[in-house]
2 protein chains.
Amino acid sequence: MVRWVPGTPDRLQHAALELFAARGYEQTTAAEIAQAVGLTERTFFRHFSDKREVLFHGQQSLTDAFVAGVAEAPQAASPIELSLNALRSASAFFPDDRRPYSRLRQSVIDDNPALQEREAHKLVRLGRSLADALTERGVDDLTADVVAQLSVMAFGIAFARWIRADEHHSFEDVATDVVCRIGDVARQLEP
Amino acid sequence: MVRWVPGTPDRLQHAALELFAARGYEQTTAAEIAQAVGLTERTFFRHFSDKREVLFHGQQSLTDAFVAGVAEAPQAASPIELSLNALRSASAFFPDDRRPYSRLRQSVIDDNPALQEREAHKLVRLGRSLADALTERGVDDLTADVVAQLSVMAFGIAFARWIRADEHHSFEDVATDVVCRIGDVARQLEP
DNA sequence: GTCTATAGTGCGATAGAC
DNA sequence: GTCTATCGCACTATAGAC
């Protein structure tokens, strides 16, 4: 007989998402989420630094995917190729069968400003991690920032489109379209 | 003898920034900020929806400047020209004599994750407002998102560089450099 | 202006895993 | 024995309701 089941953070996250979707984020207390999986409020806060964080644990692996995409690129790759590789590497996180989950999660986030703030900040930090990875590959500071943020921007726009109700293309196809449009637009910046 | 001095939000903001800089954000309570300008905690929360917001009232006028930059552009302007106009219009908010203030404010924000979240979210919303303004000028959805976020991204990178200790160029000069680099990089995206 | 719920923290106690 | 997951309690500040 085990005293605690493994995978507590995951169970808390799923319970939280269900409760948030059913009653709303603010109408759900941390104690209720904990109770839903047979734990106490205090234990909830042992796993997550705050209530919002329960929906964002897993972001780290997305960041890792981006960074790994940079690391795995060929030595001769240009900065922009590095960042495209990062984006492609991250695309693996969003197979078609994940769309329903992503849509539900996003609908909860879109309903609550506090969650939107956390989401925005996570993307900023993703950009910083990516820029750091590029700097380590010898890319200069400004180029690293620009390329990293272009990549995160493409990801963000692609994700928003990928979860739209009428969208059926794969994440990678959507992302490719977005990247092409970025190129189209930016080419009109006079040199 | 006046019953209340005008500009209460401004006075609260300045008192808050001073206290945050001196003791740290978390070590300063809303009641103390209110007390510093002779008001009660209750009055503080009448002016600001939460404690963080005291550092961000004024963001709306930055958004307005971006949007106005789009509105004032000539009818024939391309999407990218619209967004460059928006960025230029916003540059007026950052004359050289504002740098010390911006530096102090940013150092407080950089010290506290909760403030960084609010800042990130404000930029996201700025991008949305800008995209909406572009859509109203007849730009298609995807291009509007791309161009708006490019503009906000250029702004963010330029601002971070403008407040660096060793930076003496004007905001507009720094922003121009950033925009050029974006163009350089994005031109390498194959069509 | 007062009253209250909830988020979040600090510290100590318990009990299983190793 | 150590380490870690959990619980319990007391506490403060935020923020919203009345």
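Letters A, B, ... mirror the listed sequences (proteins, then strands); counts begin at 1.
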Residue-phosphate contact under 4.0 Å: Thr8(A) side-chain N/O, dT6(D) OP1/OP2: yes
Compare side-chain N and O positions of Thr40(A) against OP1 and OP2 of dC7(D) and report whether any pair is under 4.0 Å apart. yes
Give me the residues of residues 113-125 of chain B where at least one heavy atom lies under 4.0 Å from an atom of DNA chain C, by number, or none. none
Name the atoms and distances for all side-chain donor-acceptor pairs under 3.5 Å in residues 119-127 of chain B, with sequence neighbours left out.
| unit_1 | atom_1 | unit_2 | atom_2 | d |
| --- | --- | --- | --- | --- |
| Glu119(B) | OE2 | Gln106(B) | NE2 | 3.0 |
| His121(B) | NE2 | Gln116(A) | OE1 | 3.3 |
| Lys122(B) | NZ | Glu53(B) | OE2 | 2.8 |

Result block: side-chain N/O donor-acceptor pairs under 3.5 angstrom for residues 141-148 of chain B, not counting sequence neighbours:
| unit_1 | atom_1 | unit_2 | atom_2 | d |
| --- | --- | --- | --- | --- |
| Thr143(B) | OG1 | Arg181(A) | NH1 | 2.6 |
| Thr143(B) | OG1 | Asp140(B) | OD1 | 2.6 |
| Thr143(B) | OG1 | Asp140(B) | OD2 | 3.4 |

Sequence-distant partners of Glu26(A), side-chain contact (heavy atoms from CB on, under 4.5 Å), two or more places apart: Asn112(A)
Rest of the hydrophobic cluster containing Leu12(A) (Ile/Leu/Val/Met/Phe/Trp/Tyr, side-chain heavy atoms under 4.5 Å)? Leu17(A), Leu19(A), Phe20(A), Tyr25(A), Ile33(A), Val37(A), Leu39(A), Phe44(A), Phe45(A), Phe48(A), Val54(A), Leu55(A), Phe56(A), Tyr101(A), Leu104(A), Val108(A), Ile109(A), Leu115(A)
Out of dT2(C), dC7(D), dT6(D), which has the shortest distance to the side chain of Arg46(A)? dT6(D)
Apply ring pair (Phe, Tyr, Trp, His ring centres under 6.0 Å) to Phe66(B) and list each qualifying residue two or more places apart in sequence or on a separate chain. Phe155(B)
Between Arg42(B) and Leu39(A), which residue's closest nucleotide on DNA chain D lies nearer the 5′ terminus? Leu39(A)
Sequence neighbours excluded, which residues qualify as side-chain hydrogen bond (donor to acceptor under 3.5 Å, both in side chains) partners of Arg161(B)? none
Angle, rounded to 10°, between the helical axes spanning five pairs at each terminus of the helix from dG1(C)-dC18(D) to dC18(C)-dG1(D)? 10°
Interatomic distance, Asn112(A) CG vs dA15(D) C1' [rounded to whole Å]: 14 Å
How would you list, by chain and number, every residue that makes a side-chain hydrogen bond (donor to acceptor under 3.5 Å, both in side chains) with Thr135(B), sequence neighbours excluded? none
Listed pairs, N/O of protein and of nucleotides 3-7 of chain C, under 3.5 Å:
| unit_1 | atom_1 | unit_2 | atom_2 | d |
| --- | --- | --- | --- | --- |
| dA7(C) | OP1 | Lys51(A) | NZ | 3.2 |

With His57(B), which residues qualify under side-chain hydrogen bond (donor to acceptor under 3.5 Å, both in side chains), at least two apart? Asp10(B), Gln13(B)
To the nearest angstrom, how far is Gln27(B) atom CD from dT12(D) atom P? 16 Å
Do you see a donor-acceptor pair shorter than 3.5 Å between the side chains of Thr43(A) and Arg46(A)? no
Kindly say if His47(A) contacts the phosphate of dA5(D), meaning a side-chain N or O under 4.0 Å from OP1 or OP2. no
Check the side chains of Asn85(B) and Glu81(B) for a donor-acceptor pair under 3.5 angstrom, ignoring hydrogens and angles. no
Round to the nearest Å and state the distance from Leu12(A) atom CG to dA5(D) atom P. 13 Å
Could you tell me which residues satisfy side-chain hydrogen bond (donor to acceptor under 3.5 Å, both in side chains) with Glu136(B), sequence neighbours excluded, listed by chain and number? none
